[in-house]
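So the structure is just underneath, and the comments pick up after that.
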Protein chains: 2
Amino acid sequence: MNVSAKPERTRLSAEDWEDAALRLIADQGVGALAVEALARQLGVTKGSFYWHFRTREALLQAALERWEQYGEREVISQIEAMPDPRARLPELFRRVAHELAPHRVYAALLKALDHPQVVPVMARVSQRRMEFLTNIYREAGLPPEEALNRARLTYAAYVGFLQLNFTLGLPRISHDEFDAYVEHMIKTLTPG
Amino acid sequence: MNVSAKPERTRLSAEDWEDAALRLIADQGVGALAVEALARQLGVTKGSFYWHFRTREALLQAALERWEQYGEREVISQIEAMPDPRARLPELFRRVAHELAPHRVYAALLKALDHPQVVPVMARVSQRRMEFLTNIYREAGLPPEEALNRARLTYAAYVGFLQLNFTLGLPRISHDEFDAYVEHMIKTLTPG
DNA sequence: TATCTACCATACGCACGAGTATGTAATCGC
DNA sequence: GCGATTACATACTCGTGCGTATGGTAGATA
């Protein structure tokens, strides 16, 4: 990912456009993704865009696939590297709870599931994450059937939390209250 | 709500437009709500629409408020009428799990949270439901703080489930598997 | 240094959906 | 049964955002 801001005045690549698109999506949602708006934000005009992409749809597709590939590899590998399986779940919970930034794109895509292009991407990403969760629960000692259901429940709670908090700003919750909520989640959803 | 289909050829009221709008939202999402499309579906033209409503925005607003008021009063009152507080939660879970139709509008609005008009409505509805859930948990014996957190968790799981299943079609789950999942939810989230 | 190509600007066309202007048929109060 | 109001049709305007056509410029290449 290109971390640089706007004041850079070199020439742009397709990846620059995709990154900018993802930033705009995270900030204002998929509906705000318009080529002229993006071009203004990058300090160029449409002429540039249509050299790199055939259509707006193509940009969205490329940006989504880039996001999907870039993924969350670090988190998964770091969690799986932990020696004690029982310790993985609390660590995972606390981690996603306190690193909300990486989830902003996912949250933005969640509230844009009426756009047909995002549905398959979200389906794949969510599926992979749920399989990862299922494995963790099995390694923590749950029988296969129960591990699967618990993973479904946990991931649904994650998705719902993003919607209720990020988007609806609900409930109005303080920092301490939030920590208490996370601990409650761990106590309720973690076996043993 | 007017249950009648299209072949009726009487004159329309504002409520008819609102009901049709809600049906269209449930079927194709908020983004598909266009006045000419709605008019076609009702067998009339735009001229009719702009007699009943000043703008498209006004129709959406009216439809949302209508949905909010119409609400889920029956479910809440029926549950609260149950004598044994401990029996309410399992009953509530099984009920919402097997009556998915009334949740279609809610699910459609969930994937349209990038439309500014739906956010406050969804915030109010979700807030009220969570307060209802919190009460149930308290009456089931949980201390206030824990009841609140458990309600947050449960409602987040509900919201996430709608997104993952209705919209993403994920996970591909059979009828029996689904029943098992519901029972797992009850066992995990119900105190005692 | 000539030119070639990648990158971008400018100026259009075009479709689509919201909203307006105005005429007309049906229905109600009396 | 007659004017007034309600409900709708028809035919426009207009803004917005996508895509296209075409010409320009800076850096690489030879």
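Throughout, protein chains are lettered first and strands after them, A, B, ... in sequence-line order, and every chain is numbered starting at 1. Since we're looking at a predicted model, the values are computed, not measured.
- Under the rule for a side chain to side chain contact (heavy atoms under 4.5 Å, CB included), the partners of B:Y50 that lie at least two apart in sequence or sit in another chain are B:V35, B:K46.
- Salt-bridge annotation for B:R94 and B:E183: present, with a side-chain N of the basic residue lying under 4.0 Å from a carboxylate O of the acidic one.
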Would you tabulate the side-chain donor-acceptor contacts of residues 104-119 of chain A under 3.5 Å, counting partners in other chains and residues two or more places apart, or write 'none'?
residue	atom	partner	partner atom	Å
A:R104	NH2	A:A26	O	3.4
A:R104	NH2	A:D27	OD1	2.8
A:Y106	OH	A:S126	OG	2.9
A:Y106	OH	A:Y155	OH	2.7

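- Rounded to whole angstrom, the span from the CD atom of A:Q41 across to the P atom of C:dC8 amounts to 15 Å.
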Exercise. I would like to know whether B:E65 and B:Q69 meet side chain to side chain donor-acceptor pair (under 3.5 Å); could you show each step before the answer?
Key: CA-CA 6 Å; B:E65 286 169 3; B:Q69 285 197 342; over 6 Å; no
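- A donor N or O paired with an acceptor N or O is found under 3.5 Å between the base of D:dT6 and the side-chain atoms of B:R11.
- D:dC12 atom C1' lies 10 Å from atom NZ of B:K46, rounded to whole Å.
- The residue among B:E36 and B:W17 whose nearest nucleotide of DNA chain D lies closer to the 5′ end is B:W17.
- Ion pairing between B:D19 and B:R66 holds under the 4.0 Å rule for side-chain N and carboxylate O.
- Atoms CD (A:E15) and C1' (C:dC7) sit 15 Å apart, rounded to a whole Å.
- Spacing between atom CG of B:L12 and atom P of C:dT27 amounts to 13 Å, rounded to whole angstrom units.
- Within residues 50-64 of chain A, the residues that place at least one heavy atom under 4.0 Å from DNA chain D are, in residue-number order, A:Y50, A:T55, A:R56.
- Across the protein-nucleic acid pair, B:F49 atom CZ and C:dA21 atom P stand 17 Å apart, rounded to whole Å.
- Under the 3.5 Å distance criterion, with hydrogens and angles disregarded, a donor-acceptor pair is assigned to the side chains of A:R152 and A:N149.
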